[in-house]
Number of protein chains: 2
Amino acid sequence: MGRNSDAKERILNSAIELIHGRSYTDVGVKDLCDHAGVKKGSFYHFFDSKKALILEALDRHYAAFRKHLQQKVFLSQQRPLDRFESLNMSLYRGHKKCKDQNGEVWGCLLGNLTLEMSTRDKEIQEALMKHLSDLQAMIGQTIKDAIDAGDLPSVDVSLASEAVLAHYQGLQLLAKLRNDPEVLVRHRLDIRIIVEGIAQGQQESRNQLN
Amino acid sequence: MGRNSDAKERILNSAIELIHGRSYTDVGVKDLCDHAGVKKGSFYHFFDSKKALILEALDRHYAAFRKHLQQKVFLSQQRPLDRFESLNMSLYRGHKKCKDQNGEVWGCLLGNLTLEMSTRDKEIQEALMKHLSDLQAMIGQTIKDAIDAGDLPSVDVSLASEAVLAHYQGLQLLAKLRNDPEVLVRHRLDIRIIVEGIAQGQQESRNQLN
DNA sequence: AGGATAGTTGACCGGTCGGTCTAGTCAAGG
DNA sequence: CCTTGACTAGACCGACCGGTCAACTATCCT
């Protein structure tokens, strides 16, 4: 009943695009409406507040990002540890495309919002934590796959996956700072080094005990 | 001539404190003035704009941070590669103290501002780039020291130091996300693993060529 | 003593912020 | 066909934003 429209979709897409390129605080409801071709009345028909929008946009963005990674990286036929190099290259292509289109590397939306918002809004922080922990779990599964395939000695998976997630966030921060997507290429072997290094270190400390 | 006061100092300190805990955009000139116990007129007597303030505050903050690191970490008597573990613990103590005092981990001011501001203001981006590149150079010097001491095979110092800087930024991002300074402790051995791993990887690829 | 200078005060500015609200418009269901 | 209800339009709100300004006060130099 009543009319229907794709205005909500457009607002959600505009939110992801604009907030990724600027910041949550810097993008106003007016900006969102203009970019989505919508008036304020419609905005507040679909969303209770700007905050409700970012929460929904975040879920949608992460769902798409996760799906993309699953298909292109984590479920590929490569050996598990090789997938991380692919992940670097996949991120590289994303940042490169962003720079070609907008002249700027925007970095990781989740990382950007983490540093902007996690001391300012508990709910947003929790949403970011949920998504980044899910990403860490996907990384962890890949590490487990490597162990099962015999490519890696056993290792504390949650520690190693946390190190990997941190490294990716750091690389993307530097890519944004220097406006240079090539950071991801230069450091495409880092992740393998970290995972293997942590595993080896834990093996040695086990041997020392015996 | 004329009267003198420490108002400028107080404003600079307030800027570092408040912006570290919230964000550049979220902290208004009014907030700064209230926190520093100063009226708007005085603020604009000392600074042309909010942006001029952050630029000056950033220089001051980094100078103090750098001096602290030099004394406590980089010029210590430990073996070069052991200094990175000390750096982790030094950062840990800082974030722990911050959490005890404010209930929140605020992360790295330079990293926070990088993700918030580097697509929004070229001058601020350049200031951040300058300071973070200086930090990277200090890391690089420590890696060189390790090579000279015979503790590490020769390695592409700028690549390795970039990886180290990225990792520190990533660790601090996760510490802020999870409001947990212990991240720095859990990962205190990561840096050594990264530096040694990159060096070893480069050695192997040299051997392959021969 | 008395300029000259450095610092202080707080009212004021136009613009923008997130958010509200009332009056409409359009399309499907009965 | 006409009611119902989802959607749209845009004027409006008080609060706050960064920034300006003219009057004032304290201190140093001559």
Side-chain angles (χ1 to χ4, degrees), chain A residues 1-58 60 113 116-117 119-125 127, chain B residues 1-58 60 113 116-117 119-125 127:
Chain A
M1 230 172 247
R3 54 213 282 200
N4 42 14
S5 87
D6 62 345
K8 187 172 181 181
E9 306 290 316
R10 278 183 283 126
I11 296 170
L12 251 3
N13 291 334
S14 295
I16 293 166
E17 169 91 4
L18 293 182
I19 293 173
H20 195 179
R22 314 233 287 279
S23 77
Y24 176 76
T25 318
D26 196 40
V27 173
V29 175
K30 179 79 168 25
D31 298 319
L32 263 350
C33 291
D34 291 348
H35 189 271
V38 146
K39 294 291 187 289
K40 255 197 185 155
S42 294
F43 182 98
Y44 283 100
H45 172 73
F46 292 110
F47 302 100
D48 286 345
S49 65
K50 187 185 171 190
K51 178 175 155 182
L53 165 68
I54 186 67
L55 255 12
E56 197 166 334
L58 224 33
R60 167 177 294 242
L113 285 171
E116 185 191 355
M117 299 303 294
T119 51
R120 274 176 60 198
D121 189 293
K122 281 240 149 54
E123 280 185 73
I124 295 177
Q125 181 182 25
Chain B
M1 231 172 246
R3 54 212 283 199
N4 42 13
S5 87
D6 61 346
K8 187 172 180 181
E9 305 290 315
R10 279 182 282 126
I11 296 171
L12 251 1
N13 290 334
S14 295
I16 293 167
E17 169 92 4
L18 293 181
I19 294 173
H20 195 179
R22 316 234 286 279
S23 78
Y24 176 77
T25 316
D26 195 41
V27 174
V29 175
K30 179 79 166 27
D31 298 320
L32 264 349
C33 291
D34 291 349
H35 189 271
V38 146
K39 295 292 187 289
K40 256 205 184 146
S42 292
F43 181 97
Y44 284 99
H45 173 72
F46 293 110
F47 302 99
D48 286 345
S49 64
K50 186 185 171 189
K51 179 175 153 183
L53 165 67
I54 186 68
L55 256 12
E56 196 166 334
L58 224 34
R60 168 177 293 242
L113 285 171
E116 184 192 356
M117 299 304 293
T119 52
R120 274 177 60 197
D121 189 292
K122 281 239 148 56
E123 281 185 72
I124 294 176
Q125 180 182 26

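Basis for what follows: all heavy atoms, side chains included, without hydrogens, waters or symmetry-related copies. Quick note on labels: first sequence line is chain A, next is B, and so on, each numbered from 1.
The list of side chain to side chain donor-acceptor pair (under 3.5 Å) pairs with a residue in residues 24-34 of chain A, not counting sequence neighbours, reads Arg22(A)-Asp26(A), Arg22(A)-Asp31(A), Thr25(A)-Glu116(A), Thr25(A)-Arg120(A), Asp26(A)-Arg120(B), Lys30(A)-Asp34(A).
When rounded to the nearest whole Å, the span between CZ of Arg22(B) and C1' of dC16(D) equals 13 Å. One interatomic measurement links the two molecules: CG of Leu53(B) to P of dG19(D), which rounds to 10 Å at whole-angstrom precision.
With sequence neighbours excluded, the residues forming a salt bridge (charged side-chain N to carboxylate O under 4.0 Å, His left out) with Arg60(B) are Glu9(B), listed by chain and number. Under the rule for a ring-ring contact (aromatic ring centres under 6.0 Å, His included), Tyr44(B) has no partner lying at least two apart in sequence or in another chain. The side-chain contact (heavy atoms from CB on, under 4.5 Å) check on Ala57(B) picks up Leu12(B), Ala15(B), Ile16(B), with sequence neighbours excluded. Qualifying side-chain contact (heavy atoms from CB on, under 4.5 Å) partners for Asp48(B), counting only residues two or more places apart in sequence or in other chains: Ala52(B). Partners of His45(A) according to the side-chain contact (heavy atoms from CB on, under 4.5 Å) rule, which considers only residues two or more places apart in sequence or in another chain, do not exist here. Partners of Ala7(B) by side-chain contact (heavy atoms from CB on, under 4.5 Å), not counting sequence neighbours, listed by chain and number: Ser5(B), Arg10(B), Val38(B), Phe46(B).
The side chain of His45(B) contributes no N or O atom lying less than 4.0 Å from OP1 or OP2 of dT8(C).
Distance check: Leu53(B) CG to Leu32(B) CG gives 5.5 Å after rounding to the nearest 0.5 Å.
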Going 5' to 3' through nucleotides 9-20 of chain C, assign each nucleotide B (protein heavy atom under 4.0 Å from a base atom), S (under 4.0 Å only from sugar-phosphate atoms) or - (no protein heavy atom that close).
BB-------BBB
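For dT25(D), its base sits under 3.5 Å from the side chain of Arg3(B) at one donor and acceptor pair at least.
Residues from residues 4-15 of chain B with heavy atoms under 4.0 angstrom of DNA chain C, sorted by number: Asn4(B), Ser5(B), Ala7(B).
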